[in-house]
Structures are given as structure tokens and as C-alpha cells.
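Report on the following structure.
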Protein chains: 2
Amino acid sequence: MAGNREESSKQREPLSRERVLQAAVRLADEIGIDSLSMRKLGQKLGVEAMSLYRHVANKDEILDGIVDIVAGEIEVPIPGQDWKSEMRRRAGSAHEVLMRHPWATMLIVSRANVGPAMLRYVDATIGCLREAGFSYAMADYAWNAIDSHIYGFTLQKLNFPFAPEEYAEAAKSYIDLIPADQYPYLNGMSHEVMDGNHDGLQDFYFALDLLLDGLEKNLETS
Amino acid sequence: MAGNREESSKQREPLSRERVLQAAVRLADEIGIDSLSMRKLGQKLGVEAMSLYRHVANKDEILDGIVDIVAGEIEVPIPGQDWKSEMRRRAGSAHEVLMRHPWATMLIVSRANVGPAMLRYVDATIGCLREAGFSYAMADYAWNAIDSHIYGFTLQKLNFPFAPEEYAEAAKSYIDLIPADQYPYLNGMSHEVMDGNHDGLQDFYFALDLLLDGLEKNLETS
DNA sequence: AGCGAAAATTTACACCGTAAGCTTACGCTG
DNA sequence: CAGCGTAAGCTTACGGTGTAAATTTTCGCT
């Protein structure tokens, strides 16, 4: 076995920062961010936990890294194009990506996020608003408003405990815990769900369009 | 020292679920939720960690408990009163309470939250919208939209790394990391901050009022 | 072939939540 | 007041965490 390194596939591929981060994203998708440990990540890569430290400084750097990988998956708005549809597309893409990586939103809203993909994403967002005529300050307010909706809506949706098709059935099982005399309105809404009059499905674009329409009016009157 | 139990204050007060939860809230406020451990909480109460388990089943139950304590601090809207100002007051109070307990929002958006204070809070919210003429479904959408803003805005504000008065100075120190040729708009906005033309302060009621106005229009045309 | 550097591993430590079993303290009854 | 039963608190232990330090293995190159 004259070991030609290129051909021998029994030899495991060497580690690298990129391979570590990619594996971390996949593992977090599979088992959740709370269960992701250095030891499990090492195991996934066929390596001891401490070997990872040759390629990343610590676990925090891994978390920063996988957030930036996720940020890189989001469709960026194009400055100069119609701002409303671009911001709408950006928001929808962000929501979709964050639903694909259910652990990512929590990390984003609790870390610095200064990776290159995140900076590019933010720069394009501000740029799209600026080119549409927003001042820097108004662009900041608009960006903050839209991102509040993206993060808040996504977190609530991820935290909702029932699948849409189970919801009516689930309501029947917990209705006794919210008696009408103590919680009349919560009880009433649950009955609407039980009776099939309300499916409880939330539309990401409902509140988003309220915000965009309001921002548009704000832009016109300035 | 004829030990009259009522008078002897050298004897430590016995533990109770209530005392454990109150101490947990204070400790989380002081050292953050990530640093809150059973051992530290025990220490704070002059007790060993394992003694806590006599009064709570496990740490998860403590987290559920302190979330409900926080929920109990939020001003509840009054069904029948003007829905817009009630919902505005509710949202502002929630934001204020969540800023007082910086760890709470994360817990709320990642747990079931079926404690009595939270149920009461939710019931009053739905009730306020229902009495104003919203259908159950529309009340659900409106509630979700407003709460998305509350959680998203609060998390972003808590995660912002600079105090308002440091912001301009901080921008000067990181401006080199976002060169104009790579991130033109982010660079431009930072210059606005550095030059004192934009303070970066976000107003909770800016996006909230966009939502409430949009919801009002939605209510009128139905 | 052998050497220097890079990569990977081993061992160890302080911390975490909590299960199981033990000891202490209390409240009540005789 | 004695004594007993139970509740409250404590000790010990286990498997998990991130990671510092020291060691061994592997690789690339002369």
C-alpha cells in the first residue's frame, strides 16, 4: 500500500476550521444547540474533543462561526431595486433560513454577530433602504422594526408546541386546564380551535406588511 | 434561650417553593441566567443545593416558576376599554418588565409558559381585542404581531453592546473593521453615529404604533 | 532516513444537574 | 415532658460539560 495520500480514502480527511464549523451546523440541526458539545462534535468528526481546539479557539468561536454560516444562507436585498419588495424578500428568506436552523435565532439575538456574511447582510439591508430615500436614522429604525418582527415571529413559531394538524386535538386535551370562569377568552379561543373555526396558523407576512406599509407612508411624508 | 420559635431570629427561616423562586429571580437578575446554578442558589439561601429539591422538582420547574413571577409583573390590558391604548400600555409594560429581568425574554420564547400569571396575561390580551370587535382569529393574529415586536425588539435592545453615550466613541474604534469599499452603507451609518448625527436610539413605540395603526385599519374594514 | 513542526491525544480540573441514602429537626400525641 | 413519625436538609456519588497543560503521533521536507 504505497500510500498515495490523494487516493487512499481510508485515511480520514484532515480537520480544518471550515470542516469543524460545517459539522457543527449539521450536528446542531440534528440534536439541537443545547446538546451540541465539543465531545459530540469531535465524535461526529472521528476525532477527540481536544483536537478541535487546534482549529478553533473555543466553543464561543464555533457558535460565532455557525451563526455566520447561517447568515450566509439568507438572500440579501439589492440596493436600487424596489425597496419594499426587496425588504419583503429579505425578511421572508431570513425567516425561512431561521426555521431551517431552529437554534440560530437564539444565538443571533444573544451574540455580537460581526462575521463577514452578517456584515454583508446588514450592509445590503441599510443600502437598500438608503437608496430608496430613507435617511440613515430612518433606515436604522426601519431595519430594527423589520428585524424585531423576524426574530420575534420566528421564535414564537419555533416555540409553538403543536403541529398545525394536531392543534385542534391538543386543544381538546388541555381545555380543562383553562376553565371558562377563570380564563373566559382563552377558553373561547380554544373552543374556536377545537371546533375547526380557527386553525391558529400565523402568517409571517401579515405583520410584516403592516410594518412595510407604515414605513412607506412614513417615507412619503418626509 | 428557651427557644420560642417565633422570636428566635437566629434560626433561619425555613425554605419554601416561594422563597426559592423569589431568590432565583433576584439571583438571575444579579448574575444572569446562564450563571444561575442550583449550588449558587442554595448558597444564596444558606442551604445545600440538594435541599432545594425538597421544594421544586428540578431546575426546569424553577425556570418555569421565575418566568411566571415575571409575567405577574406585567400590566394587564382591561377588556372593554379603548383597545389601542390598552394594548399599547400592555406592550410598553411588558417591554419595561423584560428589560428589568434581562434573562426573562429568552426563557419565555423557549418554554411552554402555562403558569397562572401568564394565562391571566394572555386571557386579558385576547379579551381586550375581542371586546373591541376583533374575531378570535384576528385577535390571534394581532396578539402574535404585537408579541413578535415585544420579544424581537427587547432581545435586540438587550443584545446591543454599547450604552447610548458610548456609542459614538465605540463607532470610532470599530470603523476600521468595516471599510467603505467593502461595506459602504454600514460604514456610512457608522460615520453618522461618530459625527453625532444619529444616536442609534431605538424607540419601542415606533414599530408598535405602525402595527397598531395597521391593525386599526384592518379592524375598520371588516 | 531523519528531523522539525503540526496535529491529535491523554490526562486532569472545576463546574453542572440530580439520584440515592442518611442525618437532623420539628410537631404532635400520650 | 418523653418519644415517635415525618418532613427537611445534608452527604456522597455519577455522568456530563468546557478547556488548560503535557504528551504522543503524524506529516512534509530535506
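Order of the sequence lines fixes the chain letters, A, B, ..., with proteins taken first and strands second; residue numbering starts at 1 for each chain. Just so we're clear, the structure is a prediction, and the values are computed from it rather than from any experiment.
Rounded to 10°, the angle separating the first-five-pair axis and the last-five-pair axis of the helix from C:dA1-D:dT30 to C:dG30-D:dC1 equals 10°.
With hydrogens and angles ignored, the 3.5 Å screen pairs no side-chain donor or acceptor of B:His95 with any backbone N or O of B:Tyr151.
Across A:Tyr185 and B:Asp123, no two heavy atoms sit closer than the pair N-OD1, 2.9 Å.
Here D:dC10 is the nucleotide among D:dC10, D:dA21, C:dC16 with the atom lying nearest to any side-chain atom of B:Met50. Picking from D:dG18, D:dC10, C:dT18 the nucleotide with the shortest atom distance to the side chain of A:Ser37 gives D:dG18. Picking from C:dT18, D:dG18, D:dG9 the nucleotide with the shortest atom distance to the side chain of B:Leu15 gives D:dG9. You'll find that the side chain of B:Asn58 is closest to C:dT18, out of C:dT18, C:dT9, D:dT17.
Classification of the B:His198-A:Tyr141 ring pair by plane angle, with boundaries at 30° and 60°, yields perpendicular.
At C:dA7, none of the side-chain N or O atoms of A:Ser51 fall inside 4.0 Å of OP1 or OP2 (strictly under the cut-off). Contact check, A:His55 against C:dA8: a side-chain N or O comes under 4.0 Å of OP1 or OP2.
With contacts defined as side-chain heavy-atom distances shorter than 4.5 Å, the pair B:Leu98/B:Ile150 qualifies. Contact of the A:Thr125 side chain with the A:Met87 side chain is registered, since non-hydrogen atoms from C-beta on lie closer than 4.5 Å.
In this structure, A:Arg54 and A:Arg39 both approach DNA chain D, and ranking their closest nucleotides by distance from the 5' end singles out A:Arg39.
Here B:Leu36 lies in heavy-atom contact (under 4.0 Å) with sugar-phosphate atoms only.
The separation between B:Leu52 atom CG and C:dC16 atom P is 13 Å, rounded to whole Å. Taking atom NZ of residue A:Lys59 and atom P of nucleotide C:dC15, one finds them 18 Å apart after rounding to whole Å.
In the model, B:Glu73 has a side-chain atom that pairs as donor or acceptor with a side-chain atom of B:His101 under 3.5 Å.
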